[in-house]
Structures are given as C-alpha cells and as structure tokens.
Amino acid sequence: MLTLISPDGTVGDRLPITLEEMRRLYSDMVEARTYDHKCMAMQRQGRLATYAPFEGQEAAQIGAAATLRPDDWVAATYRDAALMWRAGYPWSLLVAGRTGDERGGQAPDGVNVLPPSITVGGHMIHAVGLAWAEALRGSDRVALTSFGDGATSEGDFHEAMNFAAVFNTPTVFLCQNNGFAISYPRAEQTRSESIAMKAEGYGMPGVLVDGNDVAAVFEVVREAVTRARRGGGPTLIEAVTYRLGPHTTADDPNRYRDEDDAVEWREKDPLERVRLLLERAGGWTPEWQTDLETRAADVIEEAVAMAEALPQPTAEEMLLRMYEQPTSSIESQLREIGS
Amino acid sequence: MLTLISPDGTVGDRLPITLEEMRRLYSDMVEARTYDHKCMAMQRQGRLATYAPFEGQEAAQIGAAATLRPDDWVAATYRDAALMWRAGYPWSLLVAGRTGDERGGQAPDGVNVLPPSITVGGHMIHAVGLAWAEALRGSDRVALTSFGDGATSEGDFHEAMNFAAVFNTPTVFLCQNNGFAISYPRAEQTRSESIAMKAEGYGMPGVLVDGNDVAAVFEVVREAVTRARRGGGPTLIEAVTYRLGPHTTADDPNRYRDEDDAVEWREKDPLERVRLLLERAGGWTPEWQTDLETRAADVIEEAVAMAEALPQPTAEEMLLRMYEQPTSSIESQLREIGS
Amino acid sequence: MSELTLAQSLNGALATALESDERVVLLGEDIGRTGGVFRITDGLRDKYGEDRVFDTPVAESGIVGAAFGMAIAGMHPVAELQFLGFSYPAYDQIINHVARIRNRSNHRFTAPLVIRVPFGGGIGAAEHHSESTEAIYAHIPGLKVVVPSTPSDARGLLLAAIEDPDPVLFLEPIRLYRAVKEEVPDSYYTTEIGPLRVEREGEDITVVSWGAMMKEARAAAARLEESGVSVEVLDLRTLSPIDADGIVRSATKTGRVVVVHEAPRTAGMGAEVAAIVQERALYSLTAPVRRVTGWDTVFPLKRSEGHYLPTVDRIVQVAQETLEA
Amino acid sequence: MSELTLAQSLNGALATALESDERVVLLGEDIGRTGGVFRITDGLRDKYGEDRVFDTPVAESGIVGAAFGMAIAGMHPVAELQFLGFSYPAYDQIINHVARIRNRSNHRFTAPLVIRVPFGGGIGAAEHHSESTEAIYAHIPGLKVVVPSTPSDARGLLLAAIEDPDPVLFLEPIRLYRAVKEEVPDSYYTTEIGPLRVEREGEDITVVSWGAMMKEARAAAARLEESGVSVEVLDLRTLSPIDADGIVRSATKTGRVVVVHEAPRTAGMGAEVAAIVQERALYSLTAPVRRVTGWDTVFPLKRSEGHYLPTVDRIVQVAQETLEA
Ligand SMILES: Cc1ncc(C[n+]2csc(CCOP(=O)(O)OP(=O)(O)O)c2C)c(N)n1
Ligand SMILES: Cc1ncc(C[n+]2csc(CCOP(=O)(O)OP(=O)(O)O)c2C)c(N)n1
Ligand SMILES: [Mg+2]
Ligand SMILES: [Mg+2]
C-alpha cells in the first residue's frame, strides 16, 4: 500500500507535488470538512434530509478529484460531496440536494459531474459508457467513478469492471474502502485480501493506496488518469480509509463497531498529517489556519443560503421534469393538478 | 492447466482412477454422445424444440458428475444434459424437456438435480443457497453448479462467487469454457488470462483443467468436492474445452468461427483419447465398442419413446402448476377455460 | 396480547417464526448487528444466533438467489431487502427463478421463501427510498404479494407468508411502522393470504387501498362520514392473488369506487381494481371507478413529496365527484 | 419503396440511422458477427464498422448501463437485449437510472437511448424466450414503450425512437418478424410515438391490441365482419405514453371494447385500457370491457403454447359475448 505522508507528517524521499499545490489540497480539505460539519449540524436542526458524512475520507476524495481536468466525467455517490465539489460541482447544489430538491442534481453547464448515485453499485458502469463514448469520438476525456467497499459486492461492479477492460475504456475506478458498508465490515464483505487485487481478474491494473494520504492518492489517481487519457485503459484503485462518523445521520455506529477503532483512525487523520508536513516545511501558520477556516465557513454559509433561498418547487415542475416534451399522460395529469 | 491423458491417449505417471472406472467413464461418454446425436437428429425432424448440443464437452460433464454422491445438488444449464444425466436425471426427462414439456423438469424424487437453467448466469447463486442450507443443518452434501465462459460476465456470477466465499458454502463452480458464448469468443468475453484466476479475487481456490480429459476433470472436481464436503468451502474450476457443434440448432457457426478450429479440436476429442488409452491398456476392443454403441442407442431410443409417449399436457395442468393450492385468480381462470 | 406498533409486531412475528420452526432463517443487509435499517430484526441475531440471522454483502440478487437455493433445499428463509427501490437488482431472480421453480419442475421443487421489503414514501427520504412499485410484482405469476397495514394483520400475514409453500413478497409500509399501536395477540396465528379486510362498512361509496395509504383512506372516510356519506373502506392486504370477489361485492353494494395508491397511475394496481370492478359490476356502477394515485413521475425528494402523495383532500374531492356523478 | 418484412424493415431503419447520424451506435450480445439471434442487425457491422456496432459480453445490466453512459455523453446508442425474458437483469438500470436521469438532474443530463428487445411467444421457444412483460415497463415513469406491428410502422417508430430525446424501450414482436410483408418507403421518416393507429374502422365493437396479437385481432375482426359485425381495430403502437384519447374516442363510438394481449391478465396492460375506458367513457359502455389475455401463469413450453396464447376463437367468442351483453 502506497503511503507518501505518514500520519506524523513526515515524508519519504519524494512528493509528487509542490508545496504550493500541497497547500491548495490542504485548503480544499479544510473547506470540505467545514461543509461536512455544517451539514451534520443542519441535519440535526431538521434543515436537511438524511446526510451521509465523509469525515475522514477527505484525502481520498480531494486527492482524486484534483487529478481531473474540468471537462472530465465524474460518477460518484451520496458520500462523495468533497470529490464532486473539487471536480466542479458547487456546494450550493450539493446542499440543495440534501434539502430534498431535485434542482440540486443539476450540475452547471460544462461541469460533467453526474448527480450522486444513491443506489449502491449501479453508477460505475455509467462511467464506463461515458468514457467509451469519449474514446469513440476521439476525445481524451476520462471518466472517474467513486464507490465504497460495499459496492464491490454488487453484480454491477463486476459488469462495469469487465466492460471497461474488454472495451479498454478510459475509466478510473476509485474504491474508497472506509471499512464498512453501513454495519457490515470490510472483512466480511469479501474474502479477497484486498479490493485492489480484484482488478487482476479483469486483466486490469489494481493499486492499493493509503486513502488518508492526499499525496499518495493524488499520485496513483494521476497515474491512472494519465494512462486512461493516453488510451491505456482502465485502472482500479483501492483507497484505504475510514469513515469517522456514522453511515448517515440515521445510523448509530455503536451498534456495530468499537469506538476505539475510530479513535485509532482519528490519529491517521488526513488533514492533520498534511498540516504537520506543511508546518514543518514552513507552509502553515495558525493565522493561515484561522484564515482558511473563516473563509471556508463563509463559503459554506453562502452556499447554504443559496440552497435555502431556492423557491419551493412546484408540482408542475415535478411533472415537467420527466420528459423533454410532456407526454399525453403528463399533460392530462398537469390538467388534473391545475383543476 | 492439468492434463492427465494426452490427446494421443498416453498418460503421465499417474491416473486418479482404475482401469475399470475408466471404462465406466468411457461408456458414459459414449452414451452421452449417442444422446446428443439423437437429439440433433430429432430436432431436424421437428420432434424437438431448439436443442443445444454438447458434443466435445462430454469429458468435462461426465468427469465432473462422476465425483458426486447421489444426494448432492446440481444446478446446471441447457447444455449440461450429460452432466445432469450422470448425476441421476433420466434421459427420458431430458428429452421431454426438449420437446417443450414442463414435466421434463421434474427430477425423480431423491435426484437433487434442478431443471436446466435457460437464463445465463442466474443459477449459480442457487447452488450457493443449496449448499449453504446443507451446511447449516450439518449435512455433508455439496452443490455443484455448471456454466459457460459467457456466464462469467453476468453480475450474478460475481455475487454467487462472493457469497460462496463469504459464507464458506460447499459449492463447486464448474465453468466449461467452450470458447464461445454463441458467437462471442472467450478472448473478448474477459481480458483476464484465465477464468480460473478470477477465483483469487474472491479469496477462493481456482483450478485450470483440460476439459477434454475426463481423468483430469475427475481429479480436480473430486478434490474440490472433497474439500467442500469437509467444510473447506468453495472452488472455481475452469475446464477448457470446445463446443464442436453449433450453439444451438438455430445457430450457424460459420458466421463467426473458422471451421479449421473445430477440426483442430476434433483431434483433442475427449472420447478418442480415452479409447486409445484403454486400447493400449487392454481395456478396449472393437466388439466392446459395438456393444456400447448398441446398448446406448437402445437406452436413448427407449428414453425418447417414453418422452414422446407423455400425453398432451392440459391447460388445467398449466394453471395448477403455479402454486401448491390454486389461488383465487387461478381458480377463476380455470373456470373460464372450462367454460 | 400486547400493544404493539407495526414494526414491533413484525419483530415479534419473526421471533415467533424463528422459535417455532427451525427451517426459518433470516438474511439481508445489516439485519444482524444493527437489526436492519428499520430495526425490524432488532435483537434477533443475539437471541437466535449467527446461524439463524445473517448479515450479507451488499448484493440483492445474491440475497434472493441464495435464499431461493436455501428454500429449495427445504429451509424457510426470510430475506430482507432494504427498500423496494433496491429490489430491482433482484427482479430477475424473483421473476425468472423464485416465482417459477414450481412450474419449471412440475411441483418437484418449491421455493417457500419470504422477501420482506419496506416500501412507500412520506418520510422525506432520499431518492429510491420511497418506491411503491407493487404492480410490477403483482404481475408476476407464481409470486404472492402481501401488504399489511395494521399491527395484527402484520403478525398474522407474516406468519402465513412464512408458512406458505410458495414464495411471498411481503411489503411493509414504512410510514406506518411506528404510526399506529394496536393490541396484538402473542399467540401463533395466521391471517389468510388472499382475502381483503373490510376496514369499515358503508353503503354509499367504496374506498379501496392498501399499505400506508390506508391512513389517508381512513381519514377521508371519516371526513366524508361527517358530511353524511356512508363509506366502505377496503384494505386489500393481498395484491396477488387479488380478492376480486371481495372488491366486486362491495362495488355492487355501493355502486361507487375510488381506489387509492401511492404508485404512479399508469399500469398501477388501481388499473387492475378498476378493470375488475367494471368487468364484474358494470351494471351496478353509478359512476366510473376513479383512481387517486401518485403522478406518472419519479417519487420526488422531500420538498416535493407533498405534491406527489395522494392526500386526504384529494381523496375526499374525488369521492365527492364520484358521488355527484 | 421496397416490399419488406418487419425484420427487414428494422434492419433498414438501423442502417438509415447509422448512415444519417454519427451519434448512433449499436451494442448487444451477438449483434455484430452474427447480426443478432434474429438477424435484425445483419450486415451492419460489416457495413458501418466495428466502431459503430459492438458485440458485448453476456451482461444485460452492463449493456444498458454502458449505453446509458454513452447517451449522457451525447451519443444515441441502440442497445439490443436478446429476449424480453433476459431484460430483467437490466431492470434496475432501466428504472433507477435510464428513466430517471432527466428528473434527477433537472434536465441537465438526458439519456436518448433505445433498448430494442424481441418479445412475445408463439414460436415454440425455450423457457424465458416468450415473455411479454410490457406492463412492468409501461409502469416506469420517464421511459417510453413502443411496439410496432407492421413493417412501415417499425421503420417510422424506430427512427422516431432513435431521434427521441428521452429513452425508449422498443419491443419487437418475434412472431411477426417474418410473418408479413409490406411496402415500406426507403426515405427517412418518423412515426410519432404516442398516437395509436386505427387499423380498421368499425361501429359495433372495438378490439384493442398491439404487437403480435394484432394478427389474431385482425383475423377475429375479419371473422366477425363475416357475421355482419362492424369491428374497429386499434393498434396501440405505443404503450407508454398510452393514447387514452384515441382509445376513448373509439370506445365512445362503439360502446363495446375487447382488449387482447399475450401477457398474464393480472396487472397487465389490459387493465390500464379497461380502467381508462370506464373512467372516461362509462356512460357510453353497453358492456364491460373484456380482457382476452394470457393466463396468470408462466408462459408455457412448446407443447402447451396453444393452451396459453389468446386465439382468434377466444377473441371472437368474447367479442360475441360482449355484443350480446
Ligand atoms: C442497490 C442498493 N442496495 C442497498 C442500498 C442501501 N445502502 C445504502 S449505503 C449502503 C452501504 C454501502 O457501503 P459502501 O459501498 O461501502 O459505501 P459507504 O456507505 O461505506 O461509503 C447500503 C447497503 C442502496 N443504497 N442501494
Ligand atoms: C440472462 C441471459 N442473457 C442472454 C441469454 C441468451 N444466451 C443463451 S446462451 C448464451 C451464451 C452463453 O454462453 P456460455 O455461458 O459460454 O455457455 P455456452 O452456451 O457456450 O455453453 C446467451 C447469450 C440467456 N439465455 N440468458
Ligand atoms: Mg464503505
Ligand atoms: Mg461458452
């Protein structure tokens, strides 16, 4: 398993990026964590529907998304807000989605990020189709799909991996193995030693990486993205990480896991190790931290305000969202609602 | 890939079975081939619905089934008549099924062989459930499931393999890689070097065997069955073979394959190599061969006669076959038919 | 007798089944350690052991397919799928295998399994968590589809489903899990799969529903009674086989029928109810059978849920139009 | 104009689409090298190349899911599934993804793809090869379901489906592939998705059908005309959106309706037709809408096929009962 930055912030002989880039990644992770905490709080206040926190997984998501070009495709999940945001999806729409508003799924033009997949496993093959289309028309866009350890048990994972390899599509499969699928531990999910090694069964490279190490994630995903962009086909990456919070706001992790584990994993925090590294390298000060946090809080507050300012969606919109042109059945139901 | 008997009938230093057992396997293969040829002929005469011939795959099927106990479970496919028969399913019912009669699916009491699966891929997980149930109640029955190279691309293959490994069920997965899924060649079906190696991704042993070598198939399946029976869990076996005939009687292989391939594979015929071996060992004479063929022809003719003597099924039977007790909807439709 | 919610009643029924029949095993995602997302299997793994209650990998086709194999081998598995919106990966197993093995093997092999699935909307859940696609299951020959709406029916129907020699899809109305309490006998009893329940007798109009919509149907009936209308309310309880006789009996009496369901209207079960009524009671009808249903849209997210779900107002209005027709 | 079978017409339409729109690609099991099990894509890979016509691994969910991704990226894929009985592994992709992306993304992403599937029985095929489960697809919001029954409709509807900005399930009646020939224009034309086709005008009774059963519907109409009954025959052509106005128009005129389909009766599309008719034309009805359908059983194997499929005799008998009611 590749680690470049140890939990204590020390690095081996190399880092794939400059100090300035590292500061950017750190800043992004701080912003993402601010969003995550804000959403948890909002959910408790009844302002959001169920929320799936990603705390602890910031490095995997930010590190991966940072390798993409703005026109690349992303197909991710309910837990991938940080990844989607770093790929261009506005926080305000992510919040809107969580308030229970379909308009939250409408990525801005030019942002090729699909709405988050709520079904587990179904969306990976979409990234195969997206990438395949790009390859067919000779573009060099790639598609990155992110999913959890649990998702690898679904049949659709298998079909997606196989199609990607068979048609040599420029798809990057990023598995965030966060230890659990709701309550079901990774060790029971599959008897293979790693998820990365499953790639072999498809004739595809598989890479195991420390998912709490933003530099290592950046490096392996960048390599996979570059290979895909050059026609070298798909890669499966397993980023080993841990979900520090509950599965969702409706979940109680005490029912199925030892809180000592979480404590242990807090020591491997993806932000703290980068902070230590930056501090040692002279790239971090308490003032900068305060600055980052204030700015992040402002940005997220603004996003929340935008999401909450969206007018109440109408019934008509709901019906008109089904087809480009309303069908006869939609039209007659529109009349029924109007009456 | 394990081969024990070469195409020219020579053997290495060992054979897992006695000469007498080998004669039995040979005799079974002759009987199976007789059935296959008969069905092809009957289909041409319009006496059968579509038929999927297994010529060339007799060793894989007979060798595997010969390792089972009469009370073990079998979940196989439309192309596995030889396997099902060797596991206890009467030829007459196999023929009946092919005439288009649901009664052909009714294994005799005590024969734990499911009706052949027509859907590709769906039945492997059944062998996981069957085996799981046996293990839970402490029996030492195993379940063997047979399927093709094409079936390994279905999501259900993946879920079945994973469940078997996770719950350590006594299931033997036998893939008859016969080179094609209808017209689609194995080389395109998946980019993994072998199908056997896919087992690793599930933490399960995978074995590659010469599927045209009845002794080798017998040996590796026996090992897997024994392991499963002793609580050692599932195994994936890839038996490399070739379908000498068309996919089904509705198929024209000239559209997608070189007939030279088939000629080459004819030289690796699973029956001929055993005949040569037996002849060399003094276990084969032309008289015995004639004997076998005559007896086989009689047996198959009798089976055909039984199948064709089944009275025309009634509409009432069709409705009554849906539930143990007819539901209100079935009852009202029975009345409608009666009127 | 204990005063139980629908959720508690189901939990009790599962415990009773595990207790009284060793062929019963439970399997599904998160049903063991956590007792399932709705806690319907709460405590059962601790009480009956890891050999009776299984957490599984995230693979719905695998869950149903494995349960099916177990059932053929003589067990009575009860599988849970987390939401009806996640049942579709198992649709092939259900339609092509579970519902057919008796037919395909001419009664030699059977699949006495139960697939339990929480369904329906109204709790502001995420996408796919509010589906009520019962119609696509009721259309499958060989499968029974059961939907309790009261705690005591829940127990009786679930035990009947587990006893049933044929496969049963058992749909549990999420919105009612904890919405009502009722005295439920502690004894082992079954409620026959098939017959509807006349929830309330009446003369002027029949309201047919099932699952969570029974709540709105009841409330609408109460409202209508206030204005002097006598409403008969039917809880179908079983969608397949549907109790055509029971529906026709009531329709013949009242001559007016409103059917209420959450699912989209087109090709929903309301169409079957309407088809049956007009087929067998046309000359008793004084007005068309009207359908008060979800719209032909995806079940919306939280903010639009109110636009989608049939309301008491809509039911009352359509009933009044039917009465005036 | 060429005299073509339905199969030839579909082949021609696909060629035209490949020719006229470079966003069109074809994918499916065995559609390339062999031209598909029914040869509908015969010759297209040779003519348009391996970059336009793809043979795929045996994985229906994968085929639909990949086609869906391609469609979002701006292509117009036409996926083939070999038989409707093998479409269920893809059901989740269709209902949870294909049919919903426009809704979920508020129009930002759309899935202009076509899923072609041969369907229906009558050729003595193996299990799962004779399904007609159109109802489970017509119930899905966001999906259109189209069923041609003539060579010229086949071309026009398929080209319309490929042009459609929303996903279309295109069901092809196996039994009619080579059963009829008709003059079909060689030009690029589309037939609107939605409106039914009045196959034959009449005054006394309406027979509604689609797909392969149109053959029996026509024959029954001819038989009835011989005994002096004037029959209006409707070919729905589109099951979703269903042409309610067209059905009601005819029902209002004749006052008598028989609907014919192969699928099991319960919760089949016949229920929807009956529900619509009684909803909007109750007072014009002189008899109940009757359903002549497959029974509530699995589609049987060859020897029992005759017991299952609606026959001309059954249609005529039910029509006569309806006329006498
Ligand atoms: C098809 C499907 N089945 C079940 C669920 C319910 N469910 C939601 S999240 C989840 C666990 C997923 O685990 P994993 O893939 O590891 O992702 P994580 O939540 O850990 O990020 C399950 C079972 C679902 N959303 N979709
Ligand atoms: C789910 C499903 N999809 C498609 C088919 C159509 N079909 C029948 S056999 C076959 C090829 C199967 O190939 P393989 O698994 O290698 O078995 P073989 O026929 O070579 O023995 C296909 C695609 C099917 N029967 N079931
Ligand atoms: Mg996880
Ligand atoms: Mg094969």
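We find the OG1-CG distance between B:Thr99 and D:Leu301 to be 8.5 Å, quoted to the nearest 0.5 Å. Atom OG of B:Ser153 is separated from atom CD1 of D:Ile63 by 9.5 Å, given to the nearest 0.5 angstrom. Remark: B:Thr50 OG1 to D:His129 NE2 distance equals 7.0 Å, nearest 0.5 Å. Here the straight-line distance linking atom OG1 of D:Thr297 with atom CD of B:Gln333 works out to 8.0 Å at 0.5 Å rounding.
Counting heavy atoms from C-beta outward, D:Val298 and B:Met322 have side chains that approach closer than 4.5 Å. Proximity of D:Phe86 to B:Thr119: side-chain heavy atoms (C-beta onward) are separated by under 4.5 Å at one or more points.
By number of non-hydrogen pairs under 4.5 angstrom with chain B, the leading residue of D:Arg33, D:Glu305, D:Gln317 is D:Arg33. Note: B:Leu310 leads B:Leu310, B:Thr327, B:Ile330, B:Thr152 in heavy-atom pairs under 4.5 Å with chain D. When each of D:Gly124, D:Gly306, D:Ser304, D:Gly35 is checked for heavy-atom pairs under 4.5 Å with chain B, D:Ser304 comes out on top. Per-residue heavy-atom pair counts under 4.5 Å with chain D were compared for B:Phe157, B:Tyr184, B:Tyr256, and the maximum is reached by B:Tyr184. Contact count versus chain D (heavy atoms, under 4.5 Å) is highest, among B:Glu188, B:Arg98, B:His247, for B:Glu188.
Neither the backbone nor the side chain of D:Phe83 comes within less than 4.5 Å of any heavy atom of chain B. Both the backbone and the side chain of B:Met318 come within contact range of chain D, with heavy atoms under 4.5 Å apart. Both the backbone and the side chain of D:Glu60 come within contact range of chain B, with heavy atoms under 4.5 Å apart. The part of B:Arg103 that comes within reach of chain D is its side chain, from C-beta onward, which places non-hydrogen atoms under 4.5 angstrom from that chain. Proximity to chain D (any heavy atom under 4.5 Å) is restricted, for B:Leu48, to the backbone atoms N, CA, C and O. Looking at D:Thr34, the atoms closer than 4.5 Å to chain B (heavy atoms on both sides) sit in the backbone and in the side chain alike. Proximity to chain D (any heavy atom under 4.5 Å) is shown, for B:Ile182, by both the backbone and the side chain.
Other residues, nucleotides and ligands contribute more than 12 heavy atoms inside 6.0 Å of the CE atom of B:Met197. Heavy atoms of other residues, nucleotides or ligands lying less than 6.0 angstrom from CD of B:Glu302 number 12 at most. Annotation: B:Glu193, atom CD; neighbour count of heavy atoms from other residues, nucleotides and ligands within 6.0 Å does not exceed 12.
Using a cut-off of 4.0 Å between Lys/Arg side-chain N and Asp/Glu carboxylate O, D:Arg303 and B:Glu317 are scored as not salt-bridged. One finds no salt bridge joining B:Arg255 and D:Asp30 here, because no Lys/Arg side-chain nitrogen approaches an Asp/Glu carboxylate oxygen to under 4.0 Å. No salt bridge links D:Arg314 with B:Glu336; every basic N to acidic carboxylate O contact stays at or beyond 4.0 Å.
Not a single donor-acceptor pair under 3.5 Å links the side chain of D:Glu127 to the backbone N or O of B:Ile118. The backbone N or O of B:Ser117 lies less than 3.5 Å from no partner atom in the side chain of D:His128, so there is not a single donor-acceptor pair.
Residue D:Pro300 comes nearest to B:Glu102 through the heavy atom pair CA-OE2, 3.2 Å, listed as atom of the first residue, atom of the second, then distance.
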